[in-house]
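Contents: one structure, followed by commentary.
Keep in mind that what you see is a predicted model, and the values were worked out from it rather than measured.
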Amino acid sequence: MLRINREIYLNQLVNKQNNGLVKIITGMRRCGKSFLLDPIFKEYLMGKGISENHIIKIDFDERRNTKYQDPDILDEYIRSLIVDDAPYYLLLDEIQKVNDFESVLNGFLHINNLDIYVTGSNSKFLSSDIITEFRGRGDEIRVFPLTFSEYYSVFEGDKEDAWEEYIIYGGLPKVISFKSESEKSKYLKQLFEKTYICDIVERNNIQRIDILDSLLNILASSIGSLTNPNKLLNTFQSNGFKDLSINTLSSYLKYLEDSFIIEKSERYDIKGKKYIQSPFKFYFSDIGLRNARLNFRQQEETHIMENIIYNELLARGYNVDVGVVTIREGDAKKQTEVDFICNQFNKKYYIQSTLSLSTHEKTIQEERPLLNIHDNFKKIIIVKGDKKAWITEEGILVIGIFEFLLNKNSLDL
């Protein structure tokens, strides 16, 4: 079996050890949350000298553990296993299957030598749940599908071949184990319909599945395009959905975000230093799922590359917005866009994504918004291919997509 150690998330778990909070591993279904907990984190603990009888692991998906879905039985069982003052590590997979799991976990926090780690699935366990139920006692670790670097680490072939597959089938870990294109596409399409859509419908008691389906198709067809609920509502109404309300559409968008299928990127006025409430952009958390939604049509590499760059920045821990720069042209003002502003602590980068800078005119077009940002943070253009990084005459760093994706320090070249 192929093994990817997901070091970026293992390091987060290690850094959060024994911090007095419940470590809550979230993310879309099938992105690797359970595998991160066991074997990756469990093996790390054992490698550091923690004995196996001080690592308590329960997978609530297993039939033999059904009785522990009763909170009182679970509570009594866990406490019975803690028989000395040495550190214990509690690893609970699919915690949402436990009735009243919030109170059980909060009770475990009072056991001083117990460090708690849990995973939960989308249908009943979202970021919004964590904020509401744990009230500062939970510490979320968000897991994303495989980055290109993770994908390529086990791919049998060169970077170009890996890229061609990745931009079609994405980074859900199971996908890479399938050998044929038909198996990959079948898996992704069934996963979308039988798991993700069913989760959303069940959790939110959705009656208009036709609206949800159409909304997903619209978003998949327009990744990286500016939109908002009003614009989407107009599209629906022009296609005969006259009874659809703006509130319903807004709710459905929120459900898709909560289930980690899509990510919303806000627009930020760079000169005015303020957020613009509307419109905004949506990207898919996994490009393979997006393509499966469209039956693997509409393979516009420019938009797909932009989506992959966005996901990579999120996986590296950046806050990512869309930048807006106002440029004066004579007496008129014109708004131009910077694809991404990413922030992390005291670091900030402005990034443009384009397939190539094949002409002088194209270079000027991509540079122009960046050159109208008057601060000293790094400005970067990412282009397709395995190109060596260079600096333009205007002082902007240009790097190839492979350098960006495969070098975790690429933004600081």
Side-chain angles (χ1 to χ4, degrees), residues 26-28 126-128 130-132 140 142 144-145 215-216 218-235 246-287 289-290 302-327 333-354 366 368-370 372-375 377-382 411:
T26 65
M28 68 193 323
L126 309 175
S127 295
S128 54
I130 295 163
I131 293 169
T132 301
E140 183 180 5
R142 167 75 186 279
F144 294 86
L215 177 60
L216 278 165
I218 293 170
L219 294 174
S221 297
S222 56
I223 50 173
S225 298
L226 292 172
T227 192
N228 58 29
N230 282 317
K231 185 175 179 180
L232 290 167
L233 182 63
N234 290 336
T235 301
I246 192 74
N247 290 337
T248 297
L249 197 53
S250 296
S251 295
Y252 283 16
L253 284 170
K254 188 66 170 65
Y255 300 156
L256 292 172
E257 286 184 73
D258 279 346
S259 63
F260 306 113
I261 291 176
I262 62 172
E263 302 280 346
K264 183 169 76 171
S265 189
E266 305 279 359
R267 297 172 79 217
Y268 184 76
D269 181 344
I270 295 171
K271 291 185 177 180
K273 297 183 177 180
K274 61 183 179 181
Y275 281 97
I276 301 169
Q277 295 299 314
S278 181
F280 31 77
K281 292 187 176 185
F282 287 106
Y283 295 97
F284 271 69
S285 297
D286 181 74
I287 204 67
L289 288 173
R290 175 265 180 186
T302 180
H303 299 304
I304 289 174
M305 187 172 111
E306 182 181 325
N307 199 141
I308 289 171
I309 291 171
Y310 178 80
N311 290 344
E312 176 72 22
L313 293 168
L314 290 184
R316 292 186 187 185
Y318 290 101
N319 297 310
V320 187
D321 300 309
V322 177
V324 176
V325 182
T326 302
I327 298 175
K333 291 182 179 180
K334 178 183 177 182
Q335 283 192 341
T336 60
E337 194 171 278
V338 175
D339 288 330
F340 305 119
I341 311 170
C342 52
N343 298 274
Q344 190 180 69
F345 305 117
N346 63 341
K347 291 184 176 182
K348 179 186 289 187
Y349 306 91
Y350 301 104
I351 297 174
Q352 293 283 67
S353 167
T354 183
E366 296 297 333
R368 191 179 186 205
L370 299 175
N372 278 274
I373 302 171
H374 303 299
D375 62 33
F377 293 108
K378 183 171 284 188
K379 300 163 181 68
I380 300 168
I381 300 175
I382 300 174
L411 297 183

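Atom-to-atom distance recorded for Leu253:CG and Thr248:OG1 is 11.0 Å, nearest 0.5 angstrom. Put simply, NZ on Lys264 and CG on Asp321 are 11.5 Å apart, with the number rounded to the nearest 0.5 Å. Leu219 CG to Ile261 CD1: the interatomic distance, rounded to the nearest 0.5 Å, is 10.5 Å. For the atom pair SG of Cys342 and CD1 of Ile380, the computed distance is 7.0 Å after rounding to the nearest 0.5 Å. With rounding to the nearest 0.5 angstrom, the CD atom of Glu312 is 12.5 Å from the CE atom of Met305. To the nearest 0.5 Å, the span separating CD1 on Ile308 from CD1 on Ile382 amounts to 11.5 Å.
Under the side-chain hydrogen bond (donor to acceptor under 3.5 Å, both in side chains) criterion, Tyr283 pairs with Glu306, not counting sequence neighbours. Taking the side chain to side chain contact (heavy atoms under 4.5 Å, CB included) definition, one finds that Thr354 meets it with Leu357, Lys362, Glu366, Ile381, Val383, sequence neighbours left out. For Phe282, the ring pair (Phe, Tyr, Trp, His ring centres under 6.0 Å) partners at least two apart in sequence or on another chain are Phe280. Residues satisfying the side chain to side chain contact (heavy atoms under 4.5 Å, CB included) test with Ala315, not counting sequence neighbours, are Tyr9, Phe144, Thr147. Taking the side chain to side chain contact (heavy atoms under 4.5 Å, CB included) definition, one finds that Ile276 meets it with Arg267, Asp269, Val324, sequence neighbours left out. Taking Glu257 as the reference, nothing meets the salt bridge (Lys or Arg N to Asp or Glu O under 4.0 Å) condition, with sequence neighbours excluded. The side chain to side chain contact (heavy atoms under 4.5 Å, CB included) test applied to Thr326 returns Lys333, Gln335, not counting sequence neighbours. Scored by the side-chain hydrogen bond (donor to acceptor under 3.5 Å, both in side chains) test, Glu337 finds Lys281 as partners (sequence neighbours excluded). Taking Tyr275 as the reference, Tyr268 meet the ring pair (Phe, Tyr, Trp, His ring centres under 6.0 Å) condition, with sequence neighbours excluded. Remark: Phe284 engages no residue in a ring pair (Phe, Tyr, Trp, His ring centres under 6.0 Å) (not counting sequence neighbours).
Between Ala220 and Arg290 the shortest heavy-atom distance is O-NE, 2.8 Å. Residues Leu411 and Lys378 share a closest heavy-atom pair of O-CD, 3.2 Å. Across every non-hydrogen atom of Ile309 and Ser353, the tightest pair is CD1-OG, 3.5 Å. Heavy atoms only, all atoms of each residue included: Gly323 and Ile341 are closest at CA-CD1, 3.5 Å. Closest heavy-atom contact between Met28 and Asp286: SD-CB, 4.4 Å.
Taking the side chain as every heavy atom from C-beta outward, Ser251 and Tyr255 approach each other to under 4.5 Å. Residues Ile351 and Leu313 meet the side-chain proximity criterion, which asks for heavy atoms closer than 4.5 Å. With contacts defined as side-chain heavy-atom distances shorter than 4.5 Å, the pair Tyr350/Asp375 qualifies. By the 4.5 Å heavy-atom criterion applied to side chains, Asn372 and Ile270 are not counted as neighbours.
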Would you mind writing out the side-chain donor-acceptor pairs for residues 223-233 within the sub-3.5 Å range, not counting sequence neighbours?
{"unit_1": "Ser225", "atom_1": "OG", "unit_2": "Ser222", "atom_2": "O", "d": "3.3"}
{"unit_1": "Asn228", "atom_1": "OD1", "unit_2": "Asn230", "atom_2": "N", "d": "3.2"}
{"unit_1": "Asn228", "atom_1": "OD1", "unit_2": "Lys231", "atom_2": "N", "d": "2.7"}
{"unit_1": "Asn228", "atom_1": "ND2", "unit_2": "Ser278", "atom_2": "OG", "d": "2.8"}
{"unit_1": "Lys231", "atom_1": "NZ", "unit_2": "Leu226", "atom_2": "O", "d": "3.0"}

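Among residues at least two apart or in separate chains, salt bridge (Lys or Arg N to Asp or Glu O under 4.0 Å) pairs with a member in residues 339-352 are Lys347-Asp412.
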Mind running side-chain contact (heavy atoms from CB on, under 4.5 Å) on Tyr349 and Tyr318 for me, showing each step along the way? CA-CA 10 Å; Tyr349 306 91; Tyr318 290 101; 3.6 Å; yes

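No side-chain donor-acceptor contact under 3.5 Å links Thr336 to the backbone of Pro369.
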